[in-house]
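Reviewing the structure listed below.
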Amino acid sequence: MRASTGVEGLDEMLNGGLIPGRTYLVKGGPGSGKTILSMLFLVEGAKRGENCIYVTLEEPINEVKEDMKNVGVDIDSFDNIHMFDASPSGETLFGNSFFRNLELDIPGFKAALEAKIEELKPTRIVVDPITILELASKSEVEYRRDMMSLFNIFKVHKVTALLTSEKTGVSPEDFLVSGVIEYVEYEIRGRLIRGIRIRKMRGTAFDESIRPYRITSEGIKVFSEENIFE
Ligand SMILES: Nc1ncnc2c1ncn2[C@@H]1O[C@H](COP(=O)(O)OP(=O)(O)O)[C@@H](O)[C@H]1O
Ligand SMILES: [Mg+2]
């Protein structure tokens, strides 16, 4: 049993999709497509009748919704995608309680999220991006411990979780998650070449090549048969 990512070509790279109930990381630079990919993953679940939770820690919800309209998705048409704004501009209780005491309140964030999971019983969840959680941690030890306990909440509730990260290269989270999907970019003779690759995926064979992708008004398409350098 695999959970489709909702992105054409990416499921093929994953040998069918993600293994449900595990936590995955989507990494990449600004504008690479992390938010769109993670929302498409929720839309795919929503279309199958699953409950989904999206938590934004950076971009305001209305902007995320506008961005999704540009790729042909009206998030408001899905009443089973529950959006929570924990961004600095967030108006919700969830957001305010997190940012009021950022230094101490990662446990508060986890508790608020777990309460929502218990209430809504989602099978898919996105936290976009997790970068601020690391900045709010006092040490790497504390960060790793908090992240592991967050992943454990997902596991206990059998949620497939997709977290985004703005870091590129290998970073501590890579070791904690079940899989890492990474956007990469290269400058070759003054031209920017973008690709997507799977850096790690426990429990399955996967395509190890870097593949080209395109964001269009219809979503993200990964060219899983093509080589980015050709
Ligand atoms: N309709 C579209 N056609 C082409 N590119 C698009 C379209 N809609 C959005 N994009 C591209 O998607 C990117 C933003 O994706 P996003 O998921 O918000 O990035 P990230 O979260 O990684 O910063 C931008 O670089 C933008 O150019
Ligand atoms: Mg984003």
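Order of appearance sets the numbers: ligands from 1, and atoms from 1 within every ligand.
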State whether the shortest distance between N or O atoms of Lys34 and N or O atoms of ligand 1 falls below 3.5 angstrom.
-> yes
Ser171 and Asp174: CA distance, side-chain angles, deciding distance, side chain to side chain donor-acceptor pair (under 3.5 Å) verdict = CA-CA 6 Å; Ser171 49; Asp174 295 16; 3.3 Å; yes
Please check if a non-hydrogen protein atom sits closer than 4.0 Å to atom 26 (C) of ligand 1.
-> no
Answer yes if the side chains of Arg2 and Thr204 hold a donor-acceptor pair under 3.5 Å, and no otherwise.
-> yes
Identify the protein heavy atom lying closest to atom 12 (O) of ligand 1, giving its residue, its atom name and the separation to 0.1 Å.
-> Ile215 CD1, 3.4 Å
Distance filter under 4.0 Å to Asn70 heavy atoms, resulting ligand 1 atoms = 1 (N), 2 (C), 8 (N)
Should one rank Thr35, Val26, Ile220 by closest heavy-atom distance to atom 21 (O) of ligand 1, which comes out on top?
-> Thr35
Ligand-side contact atoms (ligand 1) for residue partner Gly29, heavy atom cut-off under 4.0 Å = 22 (O)
Tell me, which protein residue and heavy-atom name are nearest atom 16 (P) of ligand 1, and how many Å apart are they?
-> Gly33 CA, 3.7 Å
Those atoms of ligand 1 less than 4.0 Å from some heavy atom in Val71 | 8 (N)
Quick one: does Lys34's side chain have a donor or acceptor within less than 3.5 Å of a partner on Gly29's backbone?
-> yes
Has Thr35 got an N, O or S atom lying less than 2.8 Å from the Mg ion (ligand 2)?
-> yes
heavy-atom search around atom 17 (O) of ligand 1 in the protein gives Ile36 N, 2.8 Å
Nitrogen or oxygen of Gly31 less than 3.5 angstrom from that of ligand 1 = yes
Go through ligand 1 atom by atom and flag the ones less than 4.0 Å from a non-hydrogen atom of Ser217.
-> 1 (N)
Side-chain H-bond candidate by donor/acceptor type, Glu12 with Ser224, under 3.5 Å = no
Pro30 N/O to ligand 1 N/O under 3.5 Å = no
Contact (N/O only, under 3.5 Å) between Glu59 and ligand 1 | no
State, with a plain yes or no, whether a side-chain heavy atom of Ile75 is found less than 4.5 Å away from one of Val43.
-> yes
Judged by atom type as modelled, is there a donor-acceptor pair below 3.5 Å linking the side chain of Asp11 to the main-chain atoms of Thr5?
-> yes
Measure the spacing between CD of Glu118 and CG of Leu113 and express it to the nearest 0.5 Å.
-> 10.5 Å
With rounding to the nearest 0.5 Å, note down the distance linking NZ in Lys27 to CD1 in Ile196.
-> 13.0 Å
Nearest heavy atoms of Ile220 and Gly33, plus distance in Å | CD1-O, 3.9 Å
